[in-house]
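Scroll down for the structure; my scribbles are underneath it.
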Amino acid sequence: MCGDTGSALENYSKVLKTSKENTPVLLQRAAVYMQLGRTDDAIEDYNSIIAKDPRNTDALIMRAQAFLIKGETDKAKKEFVKIIEFTPGNTNAKLGLAMLYQKEKMYDKATAMIDLIIEEEPSNASLYIARSNLLREQGFYELALMDVEKAITLEPSNADYYTLQSILYEKSGKRDAAAKSRRKAEHIRLQKQPHKQ
């Protein structure tokens, strides 16, 4: 166990001995449990929060993520649906549900959900990447490329987007364009590295 993580866990647990229903501390301890791979312990803390506050979206979202890690997709799906019912604007829940649909190869549902989120947040580059990955999985490389290009216009200094663009160019048989995108990604990464004195 990493020293910092271990001492944080110890401190949170001490606080909770005297204040068992301290939601911020429970959330922090659960996050440490998640880092350590102690998913069941994290779920126990999320359960304590949700029992007291059934609409605590932070705890619900994180519990859904914990269920996903455990492979309990049905529980995760119910959680995401529940969050969307009482906070319809919750992007994380909608995206989580879309990713679940994608995992289950329910591509129409996944696409409909991501399209809806993009309508609500048209300047969120990561949403175009999510839809691009969904399209790529189905073999729609040209459409996937269009979404990556949109993400690049929104965040032109994100090296990962150029890497994804190069992969899609390769899949489309555009080797020169793929090489150019790879060079661009490498150039951005080099620029972001701290300069040695």
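Quick caveat: nothing in here was measured; it's all calculated off a predicted structure. One is the number of the first residue; the rest follow in order along the sequence.
With Met99 as the fixed residue, the side chain to side chain contact (heavy atoms under 4.5 Å, CB included) test singles out one of Ile114, Asn133, Leu68: Ile114. The only option from Arg182, Lys180, Arg136 that meets the salt bridge (charged side-chain N to carboxylate O under 4.0 Å, His left out) definition with Glu170 turns out to be Arg182. Tested against Tyr46, the residues Leu27, Leu26, Ile61 include a single side chain to side chain contact (heavy atoms under 4.5 Å, CB included) partner, Leu27.
Taking a cutoff of 4.0 Å between a charged side-chain nitrogen and a carboxylate oxygen, Lys70 and Asp40 qualify as a salt bridge. No salt bridge links Arg189 with Glu186; every basic N to acidic carboxylate O contact stays at or beyond 4.0 Å.
For Tyr162 (side chain) and Pro156 (main-chain N/O), a donor-acceptor pair under 3.5 Å exists by modelled atom type. Under the 3.5 Å distance criterion, the side-chain polar atoms of Lys171 are left unmatched by any main-chain donor or acceptor of Glu142. Remark: the backbone N or O of Ile83 is paired with a side-chain donor or acceptor of Thr87 at under 3.5 angstrom. A distance-only check finds no donor-acceptor pair linking the side chain of Thr111 to the backbone of Asp108 [under 3.5 Å].
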Please evaluate residues Glu149 and Tyr161 with respect to the criterion side chain to side chain donor-acceptor pair (under 3.5 Å), reporting the C-alpha separation (whole Å), side-chain torsions for both, the decisive distance (0.1 Å), and the verdict. CA-CA 8 Å; Glu149 283 158 10; Tyr161 296 172; over 6 Å; no
Between Lys82 and Glu79, is the salt bridge (Lys or Arg N to Asp or Glu O under 4.0 Å) condition met? List the steps. CA-CA 5 Å; Lys82 192 193 302 177; Glu79 207 90 308; 3.4 Å; yes
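The hydrophobic clustering, which links ILVMFWY residues whose side-chain heavy atoms are closer than 4.5 Å, places Phe67 and Met106 apart. At a threshold of 4.5 Å between side-chain heavy atoms, the hydrophobic network of Ile, Leu, Val, Met, Phe, Trp and Tyr places Leu154 and Ile118 in one connected group. Under the 4.5 Å side-chain heavy-atom criterion for Ile, Leu, Val, Met, Phe, Trp and Tyr, Leu95 and Ile84 are members of the same hydrophobic cluster. The hydrophobic clustering, which links ILVMFWY residues whose side-chain heavy atoms are closer than 4.5 Å, places Tyr33 and Ile43 apart. Both Met113 and Tyr107 sit in one connected hydrophobic cluster of ILVMFWY residues. Membership requires side-chain heavy atoms under 4.5 Å apart, directly or through other members.
Residues Ile49 and Ala59 share a closest heavy-atom pair of CG2-CB, 3.8 Å. Taking every heavy atom of both residues into account, Asn92 and Asn90 meet most closely at N-OD1, 3.2 Å.
The CZ atom of Arg29 sits 4.0 Å away from atom CG of Asp45, with the distance rounded to the nearest 0.5 Å. Distance check: Gln138 CD to Leu134 CG gives 5.0 Å after rounding to the nearest 0.5 Å. Interatomic distance, Asp160 CG to Glu155 CD, rounded to the nearest 0.5 Å: 10.0 Å.
Under the 4.5 Å side-chain criterion, counting only non-hydrogen atoms from C-beta, Ile188 is in contact with Lys184. When side chains are defined from C-beta on, Ile129 does not count as touching Asp147, because their heavy atoms never get closer than 4.5 Å. Residues Asp41 and Met34 are not in side-chain contact: their nearest non-hydrogen atoms beyond the backbone lie 4.5 Å or more apart. The side-chain heavy atoms of Ser132 and Leu143, taken from C-beta on, include no pair separated by under 4.5 Å. Side-chain contact between Lys94 and Phe80 is absent, with no heavy-atom pair separated by less than 4.5 Å. Between Ser181 and Thr163, every side-chain heavy-atom pair lies at or beyond the 4.5 Å cut-off. The closest side-chain heavy-atom distance from Lys105 to Glu137 is below 4.5 Å.
For the pair Lys174 and Tyr169, the cation-pi criterion (under 6.0 Å, within 45° of the ring axis) is not fulfilled.
For the 3.5 Å distance criterion, the side chains of Thr23 and Lys52 qualify, holding a donor opposite an acceptor.
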